[in-house]
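Sequence lines set the chain letters: A, B, ... in the order given, protein chains first and strands last, and positions in each chain run from 1. Below, all heavy atoms of this structure are taken into account, side chains as well, without hydrogens, waters or symmetry copies.
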Amino acid sequence: MPLKILVTAKRVEDSESKIKVDAAGTGIVKEGLKYKINPFDEIGVEEALRLVAKHGGEVVVVSVGTKDVHEQLRHALAMGANKAVWVHHDGPIDQLGIAGCLQKVVEKEKPDLCILGKQAIDDDQGQVGQYLAEWLGWAQATFASKEESLESEAEKAKTPAIQLAADGKSITVIREVDGGLLTVSSPLPAVATTELRLNQPRYASLPGIMKAKSKPIEELTPAGLGVDVGVKLTVTKLAPPPARKAGIKVPDVATLVDKLKNEAKAL
Amino acid sequence: MGNVLIFVEANPDGSLRKATLNAITAGQQLAKATGGEVHAVALAKDAGALANAVKAHGVKVVHAGSGPHFEHYVAEDFAPAVAALATTLKAEWVGAAATSIGRDLLPRVAAKLKAAMASEIMSVTGSGADVAVTRPMWAGAAIATVKLSSPVKCFTVRATEFALAEASGGGEVQPFTPAAPEKPLTKFVGFKEVKSARPALTEARVVVSGGRGTKGDFGPIEGLADELHAAVGASRAVCDAGWQPNDLQVGQTGKVVAPQLYIAAGISGAIQHVAGMKGSKTIVAVNKDPDAPIFQVADYGLVADLFKALPELQAAIKAAK
Amino acid sequence: MNFALSDDEKALQETARKFAREVMRPKAAHCDEASEFPKDIIRQAAELGLMNMTVPQAHGGMELSHQAQVVIAEELAWGCAGMATSMIANDLALLPIILGATSEQKEKFLRPFTTGFKLASFALTEPGAGSDVAGMRCTARRDGDFYVVNGQKQWITNGEYADQFSLFCTLDPAQKHKGIMCLVVEGRPKGLTVGKHENKMGQRASNTVTLTFEDVRVPVANRIGKEGEGFLIAMNTLDNSRPLTAMFAIGIARAAMEHALDYSRQRQQFGKPIADFQGIQFMLADMAADVEAARLLTYKSAWLLDSGQRNTLVSSYAKRFAADMAMKATTDAVQIFGGYGYSKEYPVEKLMRDAKLIQIYEGTSQIQRLVIARELIRG
Ligand SMILES: Cc1cc2nc3c(=O)[nH]c(=O)nc-3n(C[C@H](O)[C@H](O)[C@H](O)COP(=O)(O)OP(=O)(O)OC[C@H]3O[C@@H](n4cnc5c(N)ncnc54)[C@H](O)[C@@H]3O)c2cc1C
Ligand SMILES: Cc1cc2nc3c(=O)[nH]c(=O)nc-3n(C[C@H](O)[C@H](O)[C@H](O)COP(=O)(O)OP(=O)(O)OC[C@H]3O[C@@H](n4cnc5c(N)ncnc54)[C@H](O)[C@@H]3O)c2cc1C
């Protein structure tokens with residue numbers, strides 16, 4: 001039963017880049033920053049590729065943003081995705097706007113499954129997958145993960161963790177939740193979001209990168225899709241996290257526990 | 001007037017998830033800032049007990065919705081009930097603790113309400129029309145002040161940033177009949193509690209490390225680590241002596257770790273060791289030498305014999321839980 | 001003029017960098033210490049396309065531009081120069097075929113490298129013929145449809161594991177460079193013996209052996225180019241590979257600079273980070289400027305090749321400058337680390353040992369100067 005899977009590829013600051021708030025307190029210092037695909041999205045691309053390798057089908061990757069997102073779309077294409085959709089938008093956008101665009105792309109592409117990152121490592125909001133599922137009226141399986149297994153490294157490198165039922169009508173997902181692993185079954189079409197442990201994404205191979213150049217990237221716009229991307233969420237100020245305070249000596253264990261609990265909030 | 005509705009979360013055994021009380025405190029701050037009341041919503045197969053567990057903690061009304069489809073938490077079943085109640089109550093703010101359930105549920109509720117949402121809020125600022133919340137971005141490298149402009153607004157709460165709402169009495173429980181889900185979507189299959197062995201050193205939230213001061217006896221280190229569900233680390237002196245395996249070595253030529261909490265006991269704080277742990281959020285040092293260099297990097301230093309202090313610390317943490 | 005990498009080059013660089021960081025680096029110290037050839041890592045690199053980059057598309061390859069290749073080479077050497085040498089040895093060994101073979105020969109000798117994992121060696125140097133290539137004594141005698149090869153080749157990278165050799169030998173040592181030809185030796189023919197893996201100072205992850213040929217029969221059909229064209233093919237090959245070797249020096253030096261920069265910010269003496277001392281700052285500043293200069297020179301030597309121009313002079317500039325620069329940068333990095341730099345627990349002493357080889361192989365720094373001077377004086 002071939003699957004059509006839609007995945008996302010948000011452009012985010014590389015986690016190795018040092019994020020610094022700018023002097024005005026309205027943004028971050030862009031100089032010297034490197035960008036890459038949101039790592040959770042990359043895991044989504046990998047899972048989708050494994051699913052279609054096993055069941056047949058195709059993978060469509062979507063990104064919303066400026067022309068720069070082509071880099072991330074190409075990365076997903078180089079990993080093996082079949083085609084890309086670029087929703088061209090240059091200004092600010094919030095999670096509602098992004099989910100709105102994705103909803104329209106889904107209605108156009110009609111995938112059986114959407115796999116998104118559980119969050120993007122820049123905004124850290126963790127909302128888009130759920131908005132999308134609700135607006136489509138689809139099932140959601142967030143924080144998809146994997147149980148430690150005894151299969152060989154080679155098997156692990158290609159087996160999908162998301163299981164498709166024999167009749168092709170539902171998926172079984174192991175969700176990583178507080179305190180343990182929750183197994184759920186969601187009827188298709190559905191939206192899944194990825195946890196870090198779901199898989200280890202493959203590298204974009206050099207032949208893959210060269211092949212990606214000839215794969216299509218379709219350009220759409222929010223206006224063309226009929227989506228209002230006026231923002232309902234504004235960041236009015238950015239501040240660096242509170243600086244590390246000079247250390248202190250504590251007289252006894254009781255004070256230490258109290259400080260850890262109430263001041264450092266580390267317990 | 002901006003009413004606030006807080007989702008009451010249950011543990012797998014049905015008891016009240018404590019982080020709900022931190023979320024209520026955030027809800028109270030929002031209600032105060034916008035001049036509204038705090039309501040709560042408890043959903044369960046039989047929601048009475050769960051609702052009763054929160055009613056005294058500073059909420060006006062706990063709305064208890066019972067039904068067989070609430071036996072297990074599933075976003076598609078819970079979200080319509082929360083959203084419908086929010087509309088009935090004319091709630092302006094709808095929130096929950098930023099637990100895995102809260103993070104799964106609230107965006108779906110927000111979608112139903114066409115609400116904008118702020119995740120993991122850390123504080124509430126301003127009042128009236130100027131109410132804003134702060135929340136971390138870029139893994140906490142920046143703290144954003146965020147304004148939401150949709151009529152209804154949703155949020156999840158970082159529990160450690162708000163106190164527990166105290167039992168002050170007064171709230172009441174009102175049963176209500178939530179709409180049955182439109183069509184059943186996701187089904188619960190099973191839950192497997194993870195009683196994990198020690199987490200990996202480089203991934204652990206808490207690391208307890210021992211140095212030459214342990215004289216090779218890692219009993220107190222391991223006891224404390226178990227209590228904190230922490231990984232165990234060591235200085236090179238310890239690994240070189242063969243007291244612990246080499247892969248526990250923290251430092252410039254060992255593992256580089258950056259946990260939320262790093263506890264160094266009987267470690268002098270040589271630069272080579274410090275290079276491997278100075279990125280930790282909070283550093284605690286236990287050393288009997290008041291001049292040990294480790295105290296220069298520690299947020300909290302305790303001058304003490306580790307063989308006495310660590311068991312005491314372990315007991316105190318257990319008691320505080 | 002344009003100094004920016006293209007989108008393709010950036011994407012290729014990202015894969016190479018990620019592979020270097022996540023796969024090569026974690027194993028580098030171990031392979032160095034144990035002098036171990038990491039065949040699995042090399043295989044993985046081949047599968048990702050980080051090897052055999054020059055093979056033409058007509059024969060299943062990627063035919064990457066020289067500019068793209070040097071961008072990748074920098075990352076590989078940054079990960080581990082020893083492993084990088086073994087990876088790029090394949091490209092070096094395939095170049096004589098790419099540059100001088102008929103299209104049937106290309107299909108036969110290149111295709112297998114694009115469909116499966118294969119290693120190859122470039123066999124030029126001999127015990128008595130290093131810088132003086134034309135002094136080689138490994139001979140080939142015609143016998144019907146075969147050549148019969150006798151002699152020794154020394155310092156042959158990947159020799160122990162190679163599935164194919166690009167062998168340079170002479171029909172008559174007295175004819176010097178006019179007597180040399182290039183033969184492709186397939187598999188392990190009778191009469192070929194492999195010596196023991198050399199116990200080297202640096203780049204110890206790369207395999208280096210002596211090959212002995214005793215009446216080894218090689219089909220005449222395996223000759224690349226004509227009899228007597230071998231010297232030219234070898235020199236063309238080195239013109240093509242020199243930018244890659246130069247780039248290895250830059251990868252090593254960049255790694256040394258990054259380590260030195262990190263360490264100098266952390267290490268405190270006299271109550272402040274040693275990075276606050278001008279004596280340290282000057283070393284760091286020189287490293288940064290020199291690495292950048294070497295990179296630009298190397299990019300230019302690659303660009304000349306891509307635009308179809310002769311690059312002998314500029315690629316000799318690049319290799320000479322980059323190799324000597326890396327030696328200085330890594331020595332200074334050890335200096336910045338002080339006593340810890342001298343310890344094998346820190347990464348910089350390995351870089352210093354690895355850098356030394358770049359001044360020696362594929363034309364020593366002296367030979368590069370000879371080439372430069374000859375080109376200059378000839379005008
Ligand atoms: C090349 C090189 C690389 C190195 N890399 C690393 C590295 O990666 N990681 C690393 O850790 N080190 C490294 N070192 C070693 C480092 O320099 C120190 O020697 C080492 O960290 C010291 O370990 P320690 O703090 O456990 O021991 P010590 O320095 O001996 O300190 C022991 C401490 O325990 C205290 N103590 C004793 N008894 C008690 C007690 N009962 N209760 C409480 N406190 C007590 C003492 O006051 C003292 O401060 C490296 C060294 C070299 C040369
Ligand atoms: C690890 C390693 C891997 C190698 N891999 C390969 C390989 O895969 N295939 C291969 O064919 N070869 C390989 N080589 C051989 C390498 O290319 C030679 O070592 C190099 O060309 C130098 O030759 P030599 O060692 O014989 O030194 P020599 O030529 O004997 O040089 C000795 C010294 O004399 C100097 N010198 C020589 N002639 C002159 C001159 N005219 N003017 C001034 N100075 C001069 C040199 O610069 C050097 O300082 C490898 C070598 C090493 C060490």
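Of the possible polar contacts, one joining the A:Ser63 side chain to the A:Ala9 backbone as a donor-acceptor pair under 3.5 Å is found. A donor-acceptor pair under 3.5 Å links the side-chain atoms of A:Asp22 to the main chain of A:Gly27, judged by distance alone. Using a distance-only test at 3.5 Å, with no hydrogens or angles considered, no donor-acceptor pair links the side chain of B:Glu161 to the main chain of B:Ser123. Between the B:Thr186 side chain and the A:Gln140 main chain, a donor and an acceptor come within less than 3.5 Å of each other.
Looking at B:Ala304, neither its backbone nor its side chain comes within 4.5 Å of chain A, counting heavy atoms on both sides. Both the backbone and the side chain of A:Tyr131 come within contact range of chain B, judged by heavy atoms closer than 4.5 Å. The part of B:Lys183 that comes within reach of chain A is its side chain, from C-beta onward, which places non-hydrogen atoms under 4.5 angstrom from that chain. B:Leu261 touches chain A through its side chain: at least one heavy atom from C-beta onward sits under 4.5 Å away, while N, CA, C and O do not. Heavy atoms closer than 4.5 Å to chain A are found nowhere in B:Ala315, neither backbone nor side chain. Residue B:Leu106 does not touch chain A at all, counting heavy-atom pairs closer than 4.5 Å. Contacts of B:Val109 with chain A are absent, with no heavy-atom separation under 4.5 Å from either backbone or side chain. Of the atoms belonging to B:Pro136, it is backbone heavy atoms, and not side-chain ones, that fall under 4.5 Å from chain A. In this structure, no portion of B:Thr125 lies under 4.5 Å from any heavy atom of chain A. For A:Asp123, the parts lying near chain B are the backbone and the side chain together; criterion is any non-hydrogen pair under 4.5 Å.
Within residues 286-298 of chain B, the residues having any heavy atom under 4.5 Å from a heavy atom of chain A are, by residue number, B:Pro290, B:Phe295, B:Ala298. By a heavy-atom distance cut of under 4.5 Å, not one residue of residues 166-173 of chain A is near chain B. Within residues 253-267 of chain A, the residues having any heavy atom closer than 4.5 Å to a heavy atom of chain B are A:Val253, A:Leu256, A:Val257, A:Lys259, A:Leu260, A:Lys261, A:Glu263, A:Ala264, A:Lys265, A:Ala266, A:Leu267, listed by residue number.
For CD of A:Gln200, the number of neighbouring non-hydrogen atoms (other residues, nucleotides, ligands) closer than 6.0 Å is 12 at most. No more than 12 heavy atoms of other residues, nucleotides or ligands shown are found within 6.0 angstrom of NZ on B:Lys192.
Under the 4.0 Å criterion applied to side-chain N and carboxylate O atoms, B:Glu120 and B:Arg135 are not assigned as salt-bridge partners.
The nearest pair of heavy atoms linking A:Lys146 to A:Arg197 is CB-O, 3.7 Å. Scanning both residues, B:Pro259 and B:Arg205, for their nearest heavy atoms gives CB-O, 3.3 Å. Across every non-hydrogen atom of A:Arg175 and A:Val184, the tightest pair is CD-CG2, 3.8 Å. Across every non-hydrogen atom of B:Val74 and B:Phe188, the tightest pair is CG2-N, 4.4 Å. For A:Asp124 against B:Met137, the heavy-atom pair with the smallest separation is OD2-C, 3.9 Å. The two residues B:Glu92 and B:Pro151 come nearest to each other via the heavy atoms CG-O, 3.5 Å.
By number of non-hydrogen pairs under 4.5 angstrom with chain B, the leading residue of A:Glu147, A:Lys118, A:Lys20 is A:Glu147. For the options A:Ile19, A:Asp122, A:Val177, A:Val250, heavy-atom pairs under 4.5 Å to chain B are most numerous at A:Asp122. Of the residues considered (B:Ile317, B:Thr134, B:Leu313), B:Leu313 shows the highest number of contacts with chain A, using heavy-atom pairs under 4.5 Å. Note on B:Ile143, B:Leu148, B:Leu105: by heavy-atom pairs under 4.5 Å with chain A, the leading option is B:Ile143. By number of non-hydrogen pairs under 4.5 angstrom with chain B, the leading residue of A:Ser186, A:Gly126, A:Gly137, A:Ala239 is A:Ala239. In terms of heavy-atom pairs under 4.5 Å with chain A, the best-connected choice from B:Asp104, B:Asn11, B:Ile101 is B:Asp104. With chain B as the partner, the residue from A:Val128, A:Thr142, A:Thr234, A:Ile28 showing the most heavy-atom pairs under 4.5 Å is A:Thr234. Here B:Val189 is the residue among B:Leu228, B:Thr160, B:Val189, B:Val303 with the most heavy-atom pairs under 4.5 Å with chain A. Of the listed residues (A:Thr193, A:Leu96, A:Val12), the one with the most heavy-atom contacts under 4.5 Å to chain B is A:Leu96. When A:Pro251, A:Pro187, A:Pro242, A:Pro240 are compared by the number of non-hydrogen pairs under 4.5 Å with chain B, A:Pro187 comes out ahead.
Put simply, the side chain of A:Val7 does not reach to within 4.5 Å of the side chain of A:Asp41, judged on heavy atoms. Counting only heavy atoms from C-beta outward, the side chains of B:Ser280 and B:Val207 never approach each other to under 4.5 Å.
A donor atom on one side chain and an acceptor atom on the other are not found under 3.5 Å apart for A:Glu47 and A:Thr194. Between the side chains of A:Gln103 and A:Glu107, a donor-acceptor pair is found at a separation under 3.5 Å.
Note on residues 278-287 of chain B: no pairs pass salt bridge (Lys or Arg N to Asp or Glu O under 4.0 Å), not counting sequence neighbours.
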* Apply side-chain contact (heavy atoms from CB on, under 4.5 Å) to the pair B:Tyr73 and A:Leu182, showing each step before the final yes or no. => CA-CA 11 Å; B:Tyr73 163 78; A:Leu182 181 67; 5.7 Å; no
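Rounding to the nearest 0.5 Å gives a distance of 13.5 Å between CZ of B:Phe78 and CZ of B:Arg108. Interatomic distance, OG1 of B:Thr99 versus CZ of B:Arg17, reported as 5.0 Å (0.5 Å rounding). Separating the CD atom in B:Glu227 from the CD atom in B:Gln314 is a distance of 5.5 Å, to the nearest 0.5 Å. In this structure, CZ in B:Phe191 is found 6.0 Å from CD in B:Glu193, a value given to the nearest 0.5 Å.
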